[in-house]
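Below is one structure, written out as structure tokens, with a few remarks after it.
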Amino acid sequence: MALTATTEDIQHLVTHLNFAEKVQRSLRLIKTACDEYGERLVVANSLGKDSSVVWHLAKRVSPGIPGFIVTTRFKPPETKQFMREEVRRYPELRIFENNGEIPDRLHRTQPDRCCDILKVQPTRRAIEEMDVACWVTGLRCTEGRTRTDFQEIEERDEGLLKLNPILIWYEREIWQYLSLYGVPVNPLYKEGYRSLGCAPCTHISSSPDERGGRWIGTSKCGGECGIHTRPLKNDYQI
Ligand code: SF4
């Protein structure tokens, strides 16, 4: 079966499929992509709870499936420690980072530019160096206002497919899966975070929006770093 975009209503799937049906659907999507793209199917792992679910699902489908982590100089120590543990468990996870010079406090003055340099550019490099034809993400459409319009299968860049196999999962179902399968998870969640990113731009928040603690006090509040919204294949200059 070829990997093709669904014509089903995503919101209907979110509300009408139960947990077990969503797990089966996600496994099916990854299996189909794996059959179609083989070694050119790669999982992006952000070290957050959603990535931990996707990574575990992908390993159930194909234990050798490769992955990449994009990290930055601003990731919290707990996330860096969790990254080292994940790479020890899964040596097929490659790390990408941009350690070039950036202006002081760029994350406050120009957060979009900071994310572009520290997150989007290394993601482009991962896609290129790993010769990725289809990348798998942990994006979910119930995470917040900026994520409602995504699809399970997207082709924003020509020649690069993006698979969002847990797009229709609720936050509760993520924790349900992690708990039922005993999946190791970033310890920062114990402190009350619901969405994790770089330390200066991530806060514990009481907002009903799961991503409401991201980039508080900037124009990006609750928004996106850019890897899901900007071109990844083109030679794109900021
Ligand atoms: S999340 Fe903040 S510190 Fe991290 S890359 Fe984006 S703006 Fe910079």
Side-chain angles (χ1 to χ4, degrees), residues 43-52 54-55 67-84 86-87 93-130 135 137-140 143-147 150 156-157 162 164 171 174 185-207 209-238:
V43 180
N45 187 334
S46 73
L47 304 167
K49 64 190 189 308
D50 309 300
S51 284
S52 292
V54 167
W55 186 244
F68 69 86
I69 293 168
V70 168
T71 190
T72 78
R73 67 201 74 185
F74 296 119
K75 290 283 182 175
E78 293 88 343
T79 297
K80 294 216 166 180
Q81 176 59 28
F82 183 60
M83 177 176 76
R84 287 190 285 273
E86 284 290 88
V87 172
L93 270 173
R94 286 181 59 183
I95 297 173
F96 289 83
E97 183 170 14
N98 185 350
N99 283 316
E101 288 272 311
I102 58 168
D104 279 350
R105 295 181 51 76
L106 190 61
H107 60 276
R108 292 303 298 176
T109 56
Q110 289 181 275
D112 279 330
R113 183 165 158 75
C114 187
C115 278
D116 214 292
I117 295 169
L118 299 186
K119 290 186 169 179
V120 180
Q121 288 182 13
T123 304
R124 286 192 192 118
R125 195 151 53 79
I127 299 284
E128 190 182 329
E129 285 186 20
M130 296 181 80
W135 65 304
T137 87
L139 190 144
R140 292 177 20 251
E143 280 179 275
R145 62 180 172 79
T146 57
R147 300 214 158 170
F150 288 93
R156 196 180 62 233
D157 296 90
K162 182 167 77 159
N164 304 314
E171 184 182 22
I174 293 296
V185 69
N186 191 316
L188 280 173
Y189 289 110
K190 283 189 192 142
E191 296 182 19
Y193 292 93
R194 292 174 66 199
S195 176
L196 299 178
C198 295
C201 306
T202 305
H203 298 88
I204 296 169
S205 160
S206 54
S207 162
D209 185 336
E210 196 176 325
R211 292 175 64 80
R214 307 288 294 274
W215 297 287
I216 284 178
T218 78
S219 55
K220 265 167 98 73
C221 185
E224 296 291 326
C225 68
I227 67 165
H228 294 297
T229 52
R230 313 203 54 170
L232 294 177
K233 286 263 296 187
N234 308 342
D235 187 17
Y236 182 83
Q237 300 297 313
I238 56 169

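None of these values were measured; they are calculated from a predicted model. In listed order, ligands and their atoms are each counted from 1.
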(message) Quick test of your reading: applying salt bridge (Lys or Arg N to Asp or Glu O under 4.0 Å), list the pairs with at least one residue in residues 187-198, sequence neighbours left out, ordered by first then second residue.
(response) E171-R194
(request) Run the numbers for me: atoms of ligand 1, each under 4.0 Å from some heavy atom of K119, listed by number. (result) 1 (S)
(request) Kindly say whether N45 contributes a backbone atom to a donor-acceptor pair with the side chain of S51 at under 3.5 angstrom? (result) no
(message) Between K80 (side chain only) and F74 (backbone N and O only), is there a donor and an acceptor less than 3.5 Å apart?
(response) no
(request) Using the test salt bridge (charged side-chain N to carboxylate O under 4.0 Å, His left out), find all partners of R94 that sit at least two apart in sequence or belong to another chain. (result) E129
(message) Assess, by modelled atom type and distance only, whether the side chains of R124 and Q121 contain a donor and an acceptor separated by less than 3.5 Å.
(response) no
(request) Keeping waters out of it, list the protein N, O or S atoms under 2.8 Å from atom 2 (Fe) of ligand 1. (result) C201 SG
(request) Applying salt bridge (charged side-chain N to carboxylate O under 4.0 Å, His left out), name anything that partners K119, two or more places apart in sequence or on another chain. (result) none
